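Report on the following structure.
All figures in this text were calculated on a predicted structure; none of them were measured in a lab.
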Amino acid sequence: MKPIEIDKIQDILNRFVDKDVYIHLETTNGAYASHINDKAYNVGAYIRNAKVRFNQAKIIKDGKIYRAGLKMEIGWIYAEGLSDWEIFENEKLLLAGHDRQGRLMVSLQLSETPFNY
Amino acid sequence: MEEHVVVIYPHPDDESFGAAGTMTEFRKQGVPVTYLCGTLGEMGRNMGSPIFANRETLPEIRKKELIEACNVLDVELKLLGYRDKTIEYEDINEVASHLKKILEDIKPSLVITHYPDHAVHPDHNALGAAAIEAVRLMDTDKRPKVWAQAITNNHVEMLGNPDIINDITEYFDIKMKAILSHSSQASGIIGQFRKDQDDVDEVAKARFSTEQFYTWNFEK
Ligand SMILES: [Zn+2]
């Protein structure tokens with residue numbers, strides 16, 4: 001993946017507006033957080049291949065990281081801490097945030113076809 | 001001597017961290033070893049350092065790394081096809097009968113798996129429980145022995161000392177080579193040893209000097 005280029009990403013997000021889109025949305029601090037540090041908590045959530053439709057999409061820069069918000073008819077999709085991007089299989093937009101060791105902390109991925117499951 | 005050893009863990013790299021030395025010892029004795037790997041670690045968060053994987057490419061990358069590690073360890077590999085982080089939501093009876101079929105086919109004399117509820121990761125606990133259930137369902141005269149591996153910080157306190165303590169210092173190099181085959185994962189995990197010690201090799205050697213297991217008691 002490479003560092004986010006905000007104009008490019010905004011363009012790509014716009015292409016998904018008003019279409020049926022499959023999303024992968026995830027955040028994690030790993031399965032071993034509380035094993036390594038007993039004061040830490042294991043926290044994580046993901047949804048894969050939820051089919052959604054949004055009518056507005058925006059990516060915003062805040063210092064070194066980015067946030068993305070997708071406005072649906074009756075709700076929102078939101079991700080914070082994004083730093084890297086890639087187009088996968090010509091059509092899937094992958095956005096992710098990583099820590100200093102290269103570990104994934106958050107990801108938001110959009111595609112017009114389902115992700116592998 | 002064992003006739004055939006089957007190792008059942010959920011993730012690519014569990015075999016190298018958990019039982020590489022033990023498997024190598026069996027292979028040196030000429031005992032066939034098969035690794036049944038539950039998932040491809042699809043939801044792992046280590047993407048390599050520097051990053052070379054993403055959420056979508058990770059499964060194929062980890063599969064290649066796993067094949068490489070199994071070549072280093074000279075063990076046969078079978079993929080079970082479950083998905084990372086979801087095994088505890090599968091029907092344990094279905095997973096157990098899936099495993100039982102494979103075990104009845106291979107007819108191992110020993111099964112190595114995780115100790116349920118003492119293996120930290122939910123997939124470890126769930127697949128360990130299913131593996132033990134699979135063996136329990138077998139006819140008593142055909143049952144292999146089970147060595148269960150506990151990795152919680154307090155397992156000795158909770159379970160007492162493991163009865164199987166394999167000194168694997170002789171196989172340290174091969175264990176490290178197997179671990180490092182998992183290049184997307186190893187840097188992150190080996191990096192944890194680096195926290196307060198410079199000499200990673202020394203820390204790893206101390207940490208990887210033995211592999212320990214509890215012989216499962218089906219009578220209890
Ligand atoms: Zn594991």
Quick one: are Arg48(A) and Arg55(B) in side-chain contact, heavy atoms under 4.5 Å?
yes
What's the spacing between Ile51(B) CD1 and Lys2(A) NZ if we round to 0.5 Å?
14.0 Å
From CE (Met1(A)) to CG (Asn54(B)), nearest 0.5 Å:
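Between Met1(A) CE and Asn54(B) CG, I get 5.5 Å after rounding to 0.5 Å.
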Chain B shares the most heavy-atom pairs under 4.5 Å, among Asn42(A), Asp99(A), Asn29(A), with Asn29(A)
Report which part of [X] has an atom under 4.5 Å of a heavy atom belonging to chain B: side chain, backbone, both, or neither.
| X | result |
| --- | --- |
| His98(A) | side chain |
| Gln109(A) | side chain |
| Tyr117(A) | backbone |

Verdict with supporting geometry, Met43(B) and Leu104(A), side chain to side chain contact (heavy atoms under 4.5 Å, CB included)
CA-CA 10 Å; Met43(B) 292 304 289; Leu104(A) 186 137; over 6 Å; no
Test your reading of the model: is there a side-chain donor-acceptor pair from Arg45(B) to the backbone of Thr28(A), 3.5 Å cut-off?
no
Check Phe88(A) against Thr57(B) and note the closest heavy-atom contact, atom names and distance.
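The answer is CE1-CG2, 3.5 Å.
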Tightest non-hydrogen contact, residues Asn46(B) and Arg103(A), listed as OD1-CG, 3.0 Å
Looking at Lys61(A), I want to see if its NZ is surrounded by more than 12 non-hydrogen atoms of other residues, nucleotides or ligands under 6.0 Å.
yes
Salt bridge Lys92(A)-Glu56(B), side-chain N to carboxylate O under 4.0 Å
no
Applying a criterion of heavy atom separation less than 4.5 Å, what residues of residues 147-162 of chain B form contacts with chain A?
Ile151(B), Thr152(B), Asn153(B)
